[in-house]
*Asks:* 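Below: one structure in structure tokens.
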Amino acid sequence: MKDEIDQEEVAKRRGIYFPAFSIYGGSSGLFDYGPYGSLIKDNIQNIWKEMIFSEGPVAMLDSPALTLQNVLKASGHYDRFFDYSVQCKSCNTKFRADDIVESLGLKVILDRDYLNNIIREKGIKCPKCGGEFDDVRIHKLMFQVDQGENMDPLFLRPETAQGIFVNFKEFYRFFREKLPFAVIQIGRGYRNEISPRRGLYRLREFNMMECEVFLDPKDEKWVKEPYDDIKIHYLTNKDEDLFMTPKEAYEKGIIKSQPLAYFTGFAFKFYSRIGLDVNKIRFRQHKKEDLSHYSSDTWDAEALTDIGWIEITGIAHRGTYDVGRHIEYSARDLYAQRLVEPHKEKKIELEPNFKEIKRDFGDKAGEIIKAINNGNSTVFLNNKQISLEKYIIRKEVEVTVDRESFVPIVVEPSFGLDRIIYALLDHNFDKREENGYVYLKIPPQVAPFIAGVYPLFPKEDLEKVAKDIYQKLLNDGFKVIYDDSGSIGKRYARYDEVGVPFGITVDYDTLKDSTVTIRFRDTTEQIRVSINDLTSKLRELLWTGKKN
RNA sequence: GCGAGUGUAGUGUAGCGGUAGCACAGAAGCUUCCCAAGCUUCUAACCCGGGUUCGAAUCCCGGCACUCGCACCA
């Protein structure tokens, strides 16, 4: 974007996006997408969805934003629910309270009173200036929703991914128990950011398009090979700038995981299709010390904008963490299975000794049998602890084993829709050299309307034909807009600014020979086509965006 | 959350104790055979709440928002 174009000013003025609830003063980190912006957002989502469905076995989920506490305990988000901070009274530097305590080798308990006390007792001072600390403050990082007394609160999800992980078994069945497959979800996430700023960059409620790829750790491959027809800028954790295809990156071991390499290519193709300037896109590898504890490798797609390189997508190798944690916390069988060479294995089977149980327990026998089947070694009955050992018959049996269970690993490409829109506008707002007018050169498929229909002058005969054409194009399924106010130049300029790529103008020749002009947003050139050919021409332009 | 600064029509701004002016955008019309032209008319604002004052957009306090630093940041 040219420096002089203020994205937020145009976005606000033209109804692309603007601060939400502004008549009441607004609230930081919340934005509305207006009449043009919401259409652009919708188009981007649909392109993403359409593209990713064509990448292989992909299914979609739509899960609630309100999330059970236990889900977030399992995911680890709950432990990060509170951020404990202390501030130095003299130099105002702020620290994580738990970090300060930990750095002195003291035990950390995530409790406000505990942290407060230990800082007071041990007389911990600011490491920077030696000043005294303020009281420990708590910042909630997730939004909590109360259900009522005596009920656990719900939380607004900080990411859509957990909805997918908890449903792993559902999708495993859907794909008839074969890996790999991917599950996508487009939806909103919520994070109580400490200081949401810079417009769409950091929001409290944000849109994401997430994809969770489930893989067998022994066969960690997506169904398609990494692309070799695109060159991508990779910035490694050793600060090397490399330019190569995803295929090369994988083969040379720059990206060790095949699906990770594959999805950098997918992301790149997606950016290119929606109109991001791919020369301003790079994939930056997280440094070892920045990696989440469960991730072995993460590559963030970043876009260069007026506020610098911003993260627009995270592609993370999450290992077995997600499904593993839900197995642990829910005690459900969320394992996948793989076929192995059939072989015999010796196995001890436990069988209740029905005769003895019946003799000793009579009509309570049922409870004993149940306990044994549950694998218990003792049972509490008639106020007595009873050892079950003597009621169990152990049999050694040989079974044929032809499959084994494992926890699937996850590779997660997670696209931040709002940031993508920010970067898209940044890359595509441009000024005409001759007059300084702003136009938004986004691809026709992303544009809020494919075309505007305009009578050259607000004359009844021209208006009537223009309205007929407008209605015809609507009936043919195009998103078009009609405008007859002001001069023709004004209308062109008006829709250039929100990215409408084509202007269809009805003039006096139209009345004679049933042709109209199509005017191109990016070049301001015009061609003349017959009204009868408009539908096919627009359909063609929707894909090519070019004149011929 | 801290520090500093800033909030005036849709947007950009002027006014800084006497109840708001300009430009662009917007609406209606005239005019124009294609790029925000011109003319006429019109619509439209002092972020919110308190206080001081005869009188507050203007001074003071509190909130909210934005900008820049700091901090935070899967």
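Heavy atoms only: backbone and side chains are in, while hydrogens, waters and symmetry mates are out. By convention in this document, chain letters (A, B, ...) are assigned in the order of the sequence lines, proteins followed by strands, and residues within each chain are numbered from 1.
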*Asks:* By nearest nucleotide on RNA chain B, pick out whichever of A:His286 and A:Arg204 is the more 5' one.
*Replies:*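 Closest to the 5' end, via its nearest nucleotide, is A:Arg204.
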*Asks:* If you measure from the P atom in B:G10 to the same atom in B:U53, how many Å do you get, rounded?
*Replies:*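 After rounding to an integer number of Å, I get 34 Å for this pair.
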*Asks:* Restricting to salt bridge (charged side-chain N to carboxylate O under 4.0 Å, His left out), what partner residues turn up for A:Asp509, sequence neighbours left out?
*Replies:*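 Counting only residues at least two positions away or on another chain, A:Asp509 forms a salt bridge (charged side-chain N to carboxylate O under 4.0 Å, His left out) with A:Lys512.
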*Asks:* With 3.5 Å as the limit, what N/O pairs link the protein to nucleotides 66-68 of chain B?
*Replies:*
residue: B:C68; atom: N4; partner: A:Arg197; partner atom: NH2; Å: 3.3

*Asks:* On a whole-Å scale, what distance lies between the C1' atoms belonging to B:U11 and B:G50?
*Replies:*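 The same atom, C1', in both gives a distance of 31 Å.
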*Asks:* Could you pull out all residues at least two apart from A:Glu497 that satisfy salt bridge (charged side-chain N to carboxylate O under 4.0 Å, His left out)?
*Replies:*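 Listed in chain order: A:Arg13, A:Arg14.
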*Asks:* Can you tell me the Watson-Crick or wobble partner of B:U58, both distances under 3.5 angstrom?
*Replies:*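 Its partner: none found.
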*Asks:* For every nucleotide of nucleotides 28-36 of chain B, 5' to 3': is a protein heavy atom under 4.0 Å from its base (B), only from its sugar-phosphate (S), or from neither (-)?
*Replies:* ----BBBBB
*Asks:* Let me know the distance between CD of A:Glu302 and P of B:A74, rounded to the nearest Å.
*Replies:*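 About 14 Å, once rounded to whole Å.
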*Asks:* Whole angstrom is fine here: how far is it from CD1 in A:Ile23 over to P in B:A44?
*Replies:*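 One finds 17 Å between P of B:A44 and CD1 of A:Ile23, rounded.
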*Asks:* List for me each residue that meets side chain to side chain contact (heavy atoms under 4.5 Å, CB included) alongside A:Ile481, sequence neighbours excluded, and say none if there are none.
*Replies:*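 Expected list: A:Tyr36, A:Phe449, A:Tyr495.
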*Asks:* Please measure how far the P atom in B:U19 lies from the corresponding atom in B:A56, and state the result in whole Å.
*Replies:*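 It comes out at 11 Å once rounded to the nearest Å.
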*Asks:* If a pair satisfies side-chain hydrogen bond (donor to acceptor under 3.5 Å, both in side chains) and one of its residues is in residues 446-461 of chain A, list it, with sequence neighbours excluded.
*Replies:*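 Qualifying pairs, neighbours excluded: none.
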*Asks:* Would A:Arg419 and A:Tyr201 count as a cation-pi pair here, with the cationic atom under 6.0 angstrom from the ring centre and within 45° of the axis?
*Replies:*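 The answer is yes, since A:Arg419 meets both limits relative to A:Tyr201.
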*Asks:* Say we look at B:A27 and B:U8: how far apart would their C1' atoms be, to the nearest angstrom?
*Replies:*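 Those two atoms are separated by 23 Å.
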*Asks:* Which one of A:Lys490, A:Lys431, A:Arg521, A:Arg519 satisfies the salt bridge (Lys or Arg N to Asp or Glu O under 4.0 Å) criterion with A:Asp496?
*Replies:*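 With A:Asp496 as partner, salt bridge (Lys or Arg N to Asp or Glu O under 4.0 Å) holds for just one option, A:Arg519.
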*Asks:* Could you state the CZ-P distance from A:Arg202 to B:A71, rounded to the nearest angstrom?
*Replies:*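 Nearest whole value for this atom pair: 13 Å.
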*Asks:* Tell me which nucleotide, if any, is Watson-Crick or G-U wobble paired with B:U40 when both distances must be under 3.5 Å.
*Replies:*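 Partner of B:U40: B:A28.
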*Asks:* Using a cut-off of 4.0 Å on non-hydrogen atoms, how would the nucleic acid contact of A:Phe21 be classed: base, sugar-phosphate, or nothing?
*Replies:*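 Nothing, no heavy atom under 4.0 Å.
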*Asks:* Could you tell me the Watson-Crick or G-U partner of B:C68, where both distances fall under 3.5 Å? Say none if there is no partner.
*Replies:*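 Because both required distances fall under 3.5 Å, B:C68 counts as paired with B:G3.
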*Asks:* For B:U53, what is the paired nucleotide under Watson-Crick or G-U wobble rules, both distances under 3.5 Å?
*Replies:*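 Partner of B:U53: none.
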*Asks:* When the P atoms of B:G49 and B:A57 are compared, how many Å lie between them, rounded to an integer?
*Replies:*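 Straight-line distance between the two P atoms is 12 Å.
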*Asks:* Who passes side chain to side chain contact (heavy atoms under 4.5 Å, CB included) against A:Lys238, sequence neighbours left out?
*Replies:*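 Checked A:Lys238 against side chain to side chain contact (heavy atoms under 4.5 Å, CB included); matches are A:Thr236, A:Glu240.
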*Asks:* Not counting sequence neighbours, which residues clear side chain to side chain contact (heavy atoms under 4.5 Å, CB included) with A:Gln45? List them please.
*Replies:*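 Checked A:Gln45 against side chain to side chain contact (heavy atoms under 4.5 Å, CB included); matches are A:Lys41, A:Asp42, A:Ile186, A:Met209, A:Leu417.
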*Asks:* Distances under 3.5 Å only, N/O to N/O: pair up the protein atoms with those of nucleotides 5-9 of chain B.
*Replies:*
none

*Asks:* To the nearest Å, give me how far apart CG (A:Leu141) and P (B:G1) are.
*Replies:*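 Those two atoms, CG and P, are 13 Å apart.
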*Asks:* When we call it a touch if two heavy atoms are under 4.0 Å apart, what does A:Gly26 touch: a base, just sugar-phosphate, or nothing?
*Replies:*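 Here A:Gly26 touches the backbone only, sparing every base.
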*Asks:* Quick one about A:Tyr78 and A:Asn70 (side-chain donor to acceptor, distance below 3.5 Å, no hydrogens or angles considered), yes or no?
*Replies:*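 Side chains of A:Asn70 and A:Tyr78: no pair found under 3.5 Å.
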*Asks:* Using Watson-Crick or G-U wobble geometry with both distances under 3.5 Å, which nucleotide pairs with B:G21?
*Replies:*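 Base-paired to B:U13.
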*Asks:* Restricting to side chain to side chain contact (heavy atoms under 4.5 Å, CB included), what partner residues turn up for A:Val506, sequence neighbours left out?
*Replies:*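 Per chain and number, A:Val506 pairs via side chain to side chain contact (heavy atoms under 4.5 Å, CB included) with A:Leu462, A:Val465, A:Ala466, A:Ile469, A:Thr510, A:Val516.
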*Asks:* Output all residues satisfying salt bridge (charged side-chain N to carboxylate O under 4.0 Å, His left out) with A:Glu302, sequence neighbours left out; order by chain, then residue number.
*Replies:*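 For A:Glu302, the residues satisfying salt bridge (charged side-chain N to carboxylate O under 4.0 Å, His left out) (neighbours in sequence not counted) are A:Arg282, A:Arg284.
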*Asks:* Say you pick atom C1' in B:C22 and the same atom in B:C34; how far apart are they, in whole Å?
*Replies:*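 To the nearest whole Å, 31 Å.
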*Asks:* Can you find a side-chain donor-acceptor pair between A:Thr298 and A:Gln285 that sits under 3.5 Å?
*Replies:*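 No, because no side-chain N or O of A:Thr298 sits under 3.5 Å from a partner of the opposite role on A:Gln285.
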*Asks:* Quote, to the nearest angstrom, the C1' distance that separates B:G21 from B:A44.
*Replies:*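 Going atom to atom, C1' in each nucleotide, I get 14 Å.
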*Asks:* Once you round it to whole Å, what is the distance between P of B:A25 and CG of A:Asp6?
*Replies:*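 Rounded to the whole Å, the gap is 18 Å.
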*Asks:* Who are the salt bridge (charged side-chain N to carboxylate O under 4.0 Å, His left out) partners of A:Asp468, not counting sequence neighbours?
*Replies:*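 A:Lys464.
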*Asks:* If I pick the C1' atom on B:G12 and the same atom on B:G26, what distance separates them, to the nearest angstrom?
*Replies:*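 15 Å, rounded to whole Å.
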